[in-house]
Amino acid sequence: MSANVNAATAEEDPQTAGAWESVPMPSQQTLAQAVHSVLLPNGKVLIANGSSFRNTIVTEGDTQKIQEGVDSGDYDSVNNTVLFDPQTAEFVKTPSPPAVQHQENNDLFCAGHLQQADGNVLFVGGTGRYYPGGRFTGSRQLNLYNWRDNTWSDKGQLKEGRWYPSLVPLADGKIAIFSGLKLNEPNQINQGLEIYDPLLNKLDYFDLAQIANSPFNTKLESSSVYDSIDLYPRILPTATGKLLITGDEAGIANVLAPHSSKKSYLMAVAKDTGGKLSVSFEVGADKAETSKAYGTAFQVPNSEDVVLLGGLTGTNDIGFGLPNKPDIPGASVASSLQRWQAPGKTDTPSGQWSQTPAFLAEPRANLQAVILPDKEVLVVNGGVYPEYRPVYEPLLLSPNPQANGGYDIKRMKAAHLPRLYHNGALLLPDARVLIIGGNANRAARDSVGNIRVDTIRDAKEFNVFAKLTDQAGQPKAFDLDEFYQHPQSYYAEGDTQPFVPAEIWQAEIFSPPYLFKPGVRPEIIQAPEFIKYGQTGLVTVSAAEAAGDLVLVKLGSVTHSFDYGQRLVDLPIAIKEHKAGSAIIKFNAPSNANLYPPGYYMMFYLNAAGKPSHAKMVRLES
């Protein structure tokens with residue numbers, strides 16, 4: 001256990017360990033695997049899954065067998081989109097985009113997604129096709145979800161396919177699109193960068209293999225091998241507008257990318273007087289560890305520092321650690337924290353990495369990091385291995401410059417359900433955290449849409465129906481309702497760990513300790529709908545004491561252990577007028593659009609004790 005990790009109290013007092021509540025099980029029509037989850041400006045959560053990593057049940061005589069993959073061009077297979085309303089705890093089915101666009105498959109599974117400045121959600125790429133042996137290709141589709149009228153529109157096509165791409169917002173509202181697998185070459189990484197302009201519905205393309213100092217044009221030390229930008233790369237902005245390419249990712253086995261790189265990179269985007277874009281790279285500081293898969297990352301609240309947590313090093317094989325797989329020499333799951341500090345905080349022109357080797361209580365992969373309104377970070381979900389041995393206890397990271405890694409850590413109350421691959425976690429407008437999804441292996445779908453989750457990998461890495469037992473090793477038939485009541489009562493034959501179904505459909509909500517602080521919860525009585533960079537504004541809050549804190553938190557957009565949306569910035573405030581039971585507060589809006597891009601944010605007021613209000617949705621714009 002890390003030196004600065006404290007166990008939750010034995011009583012698990014909500015004031016110190018938080019509290020959990022279970023969301024009612026969705027109906028059969030609205031079962032949500034939650035591969036892609038986005039908080040919308042109306043407070044609802046868009047959950048898109050596409051074909052959902054599922055296999056197909058085929059009947060041969062009296063026997064049911066599992067055939068690998070599903071047809072990504074079949075609408076029934078890919079029509080898996082729902083809206084979740086946190087206020088009513090209801091899931092509502094909503095149509096997915098067409099299964100075929102531009103005469104090519106249009107499957108949102110493993111797409112990239114990000115909110116535009118207007119709150120609409122851009123989905124880029126997804127699954128082109130399933131191939132035997134876990135090989136995939138990426139689609140070229142651009143789909144836009146309109147949050148106001150709950151509709152989809154076709155925004156055209158990319159130059160090349162992208163499966164597992166990363167989308168990064170730029171200060172002017174454009175979106176940079178990195179990596180992903182190509183359309184017609186299974187498991188081959190797209191080396192191009194595309195920058196999407198939502199106003200013009202236009203793409204600019206750059207071949208990064210032809211640009212000096214890009215990862216695709218930089219050799220690893222003492223090697224003839226070039227570096228890479230792997231799948232779902234963890235890329236975050238700096239205050240100057242350069243993008244920090246950390247090297248960590250959420251890659252998948254069989255993709256031919258080096259995992260011996262410690263490099264990071266900084267990429268700049270420039271525009272000439274005629275409006276033409278160009279990009280340039282510089283090789284950044286080396287990390288202490290080689291690139292990791294299935295870890296998480298976040299931008300430190302109110303800062304340009306970047307933190308990398310956990311993840312799999314030495315390989316990107318998501319099956320690492322499964323009991324029926326051979327060991328992979330040199331591979332391990334990390335418990336480390338790595339922190340990048342910007343050039344202004346260091347003596348090096350490209351910033352500097354530091355490492356805290358044993359930061360987490362135990363190794364963890366497929367974890368999530370959720371930035372909370374009080375600048376704490378909730379680390380939740382995942383497992384000791386990417387698809388095995390789930391970890392149930394969240395960790396609360398509290399900023400402390402004197403602590404290892406810059407945070408004190410405290411264990412929170414354990415969740416009820418296991419959440420491995422394809423899990424999600426989003427901060428909600430009421431300051432609770434939605435915990436959803438979990439995909440230990442591949443479920444199986446029959447011809448009429450029924451889903452079986454009592455599946456497991458066999459020794460050849462292909463799913464079969466699991467032979468289940470109880471803890472004593474006696475045969476036990478799988479019952480989904482029984483599992484949700486007693487999730488650790490099932491075992492796969494020959495396994496010493498509880499069985500985890502292929503998909504977890506029930507959501508949970510975690511209330512952090514700050515919601516149980518003594519006293520009345522403050523509220524924002526009135527706030528502007530729009531705020532402009534660098535300008536001042538007024539909010540009215542219910543506060544009898546001296547002013548607390550006012551913050552903006554960008555709406556989350558999470559997939560594959562990384563939230564591409566979340567950011568937090570303080571709004572400097574001063575009391576303008578104090579009345580009985582309320583105060584009018586003058587605030588200063590952020591001025592740096594590189595760190596805090598245009599779009600919708602949740603505005604939270606926290607009283608002097610650190611207890612947050614419900615959020616007001618505001619739009620930050622130029």
Side-chain angles (χ1 to χ4, degrees), residues 36 38 48 97-98 100-106 108 111-126 128 138-149 151-184 189-211 214 216 229 233 235 237 241-243 245 267-281 533 554 557 564-565 593-594 596-600 619-622:
H36 307 281
V38 185
V100 177
Q101 281 183 175
H102 306 283
Q103 299 180 327
E104 294 175 7
N105 287 355
N106 184 32
L108 296 182
H113 48 86
L114 191 69
Q115 281 188 339
Q116 299 178 163
D118 59 5
N120 293 334
V121 186
L122 179 69
F123 280 76
V124 171
S139 110
R140 299 194 301 153
Q141 311 292 353
L142 292 173
N143 294 281
L144 188 70
Y145 176 79
N146 188 310
W147 67 275
R148 294 182 184 276
D149 59 16
T151 59
W152 294 89
S153 58
D154 170 14
K155 306 306 288 186
Q157 288 190 297
L158 301 156
K159 182 180 178 67
E160 182 50 273
R162 295 192 186 271
W163 186 86
Y164 273 53
S166 285
L167 276 59
V168 185
L170 303 180
D172 59 2
K174 296 184 180 69
I175 296 172
I177 305 166
F178 292 87
S179 191
L181 296 184
K182 295 180 178 180
L183 175 64
N184 293 314
I189 289 179
N190 186 339
Q191 297 182 342
L193 164 73
E194 290 177 85
I195 297 179
Y196 178 69
D197 186 336
L199 296 179
L200 301 177
N201 193 37
K202 176 179 176 290
L203 287 160
D204 286 283
Y205 178 84
F206 304 91
D207 182 356
L208 299 187
Q210 304 302 316
I211 298 178
S214 89
F216 296 109
I229 300 178
I235 301 174
K242 294 179 181 179
L243 302 182
I245 302 171
M267 188 193 87
V269 181
K271 182 169 64 174
D272 66 17
T273 55
K276 184 178 180 180
L277 297 181
S278 63
V279 298
S280 59
F281 286 81
Y533 287 103
K554 191 82 170 65
S557 181
Y564 291 85
N594 296 316
Y596 311 109
Y600 282 90
R619 183 170 170 179
L620 179 61
E621 59 184 18
S622 299

Problem - Side chain proximity check, L170 to I195, heavy atoms < 4.5 angstrom - result: yes
Problem - Derivation and outcome, side chain to side chain contact (heavy atoms under 4.5 Å, CB included), residues S557 and Q115 - result: CA-CA 7 Å; S557 181; Q115 281 188 339; 5.6 Å; no
Practice task
Please name the pair of heavy atoms, one in D118 and one in Y600, separated by the smallest distance, quoted to 0.1 Å.
Solution key: O-CE1, 3.5 Å
Exercise for the section: Calculate, to the nearest 0.5 Å, the distance between atoms CG and CD1 belonging to L122 and I175 respectively. Expected result: 5.0 Å
Fill in the blank from the handout: Sequence neighbours excluded, the answer for side-chain contact (heavy atoms from CB on, under 4.5 Å) partners of S280 is A268
Practice task
Report yes if some heavy atom in the side chain of S278 is under 4.5 Å from a heavy atom in the side chain of D272; otherwise report no.
Solution key: no
Exercise for the section: Measure the spacing between CZ of F216 and CG of D207 and express it to the nearest 0.5 Å. Expected result: 9.5 Å
Practice task
Report the residues that fulfil side-chain hydrogen bond (donor to acceptor under 3.5 Å, both in side chains) with N146, sequence neighbours left out, ordered by chain and then residue number.
Solution key: none
Completion exercise
residues 169-183 vs side chain to side chain donor-acceptor pair (under 3.5 Å), sequence neighbours excluded, gives D172-K174
Practice task
Can you see which heavy atom on F281 is nearest to which on V279, and at what distance?
Solution key: CE1-CG2, 4.4 Å
Handout entry: Where G125 and A111 come nearest, the two heavy atoms and their spacing
Key = O-CB, 3.5 Å
Practice task
For side chain to side chain contact (heavy atoms under 4.5 Å, CB included), just list the numbers for L620 and K554, CA-CA rounded to whole Å, side-chain angles, deciding distance to a tenth of an Å, and then say yes or no.
Solution key: CA-CA 10 Å; L620 179 61; K554 191 82 170 65; over 6 Å; no
Fill in the blank from the handout: Output for pair (Q101 CD, K155 NZ), nearest 0.5 Å, gives 11.5 Å
Exercise for the section: Keeping the roles fixed (side chain from H113, backbone from H36), state whether a donor-acceptor pair exists under 3.5 Å. Expected result: no
Exercise for the section: Test L142 against L158 for side chain to side chain contact (heavy atoms under 4.5 Å, CB included), laying out the working first. Expected result: CA-CA 7 Å; L142 292 173; L158 301 156; 3.9 Å; yes
Handout entry: Check: E160 side chain, L183 main-chain N or O, donor-acceptor pair, under 3.5 Å
Key = yes
Exercise for the section: Under the salt bridge (charged side-chain N to carboxylate O under 4.0 Å, His left out) rule, collect the residues that match up with K242, sequence neighbours excluded. Expected result: E282
Completion exercise
Interatomic distance, CD1@I235 vs CD1@I245, rounded to 0.5 Å, equals 4.5 Å
Practice task
Would you name the heavy atoms of P598 and A171 that are closest together and state the gap between them?
Solution key: CD-O, 3.4 Å
Exercise for the section: Taking atom types as modelled, find out whether N201 and Y196 have a side-chain donor-acceptor pair closer than 3.5 angstrom. Expected result: yes
Handout entry: pair S153-L144: side-chain heavy atoms closer than 4.5 Å
Key = yes
Problem - Under the salt bridge (charged side-chain N to carboxylate O under 4.0 Å, His left out) test, residues paired with K271 that sit two or more places apart - result: none
Problem - Exam field: side chain Y533 to backbone Y596, donor-acceptor pair closer than 3.5 Å - result: yes
Fill in the blank from the handout: N190 and G192 have their tightest heavy-atom pair at OD1-N, 2.8 Å
Handout entry: Contact summary for P165 and V124, nearest pair of heavy atoms
Key = CG-O, 3.6 Å
Completion exercise
Between E194 and the options R162, K159, R140, the salt bridge (charged side-chain N to carboxylate O under 4.0 Å, His left out) test singles out R162
Problem - Steps toward side chain to side chain contact (heavy atoms under 4.5 Å, CB included) verdict (L203, I177) - result: CA-CA 10 Å; L203 287 160; I177 305 166; 4.2 Å; yes
Handout entry: N106 CG to E104 CD distance, which is reported to the nearest 0.5 Å
Key = 9.5 Å
Completion exercise
So OH of Y564 and CG of L167: to nearest 0.5 Å the spacing works out to 8.0 Å
Problem - Partner set under ring-ring contact (aromatic ring centres under 6.0 Å, His included) for F178, not counting sequence neighbours - result: none
Practice task
Please confirm whether the backbone N or O of F123 pairs with a side-chain atom of N143, one donor and one acceptor, at under 3.5 Å?
Solution key: no
Problem - Any donor-acceptor N/O pair, N120 side chain to W147 backbone, under 3.5 Å - result: yes
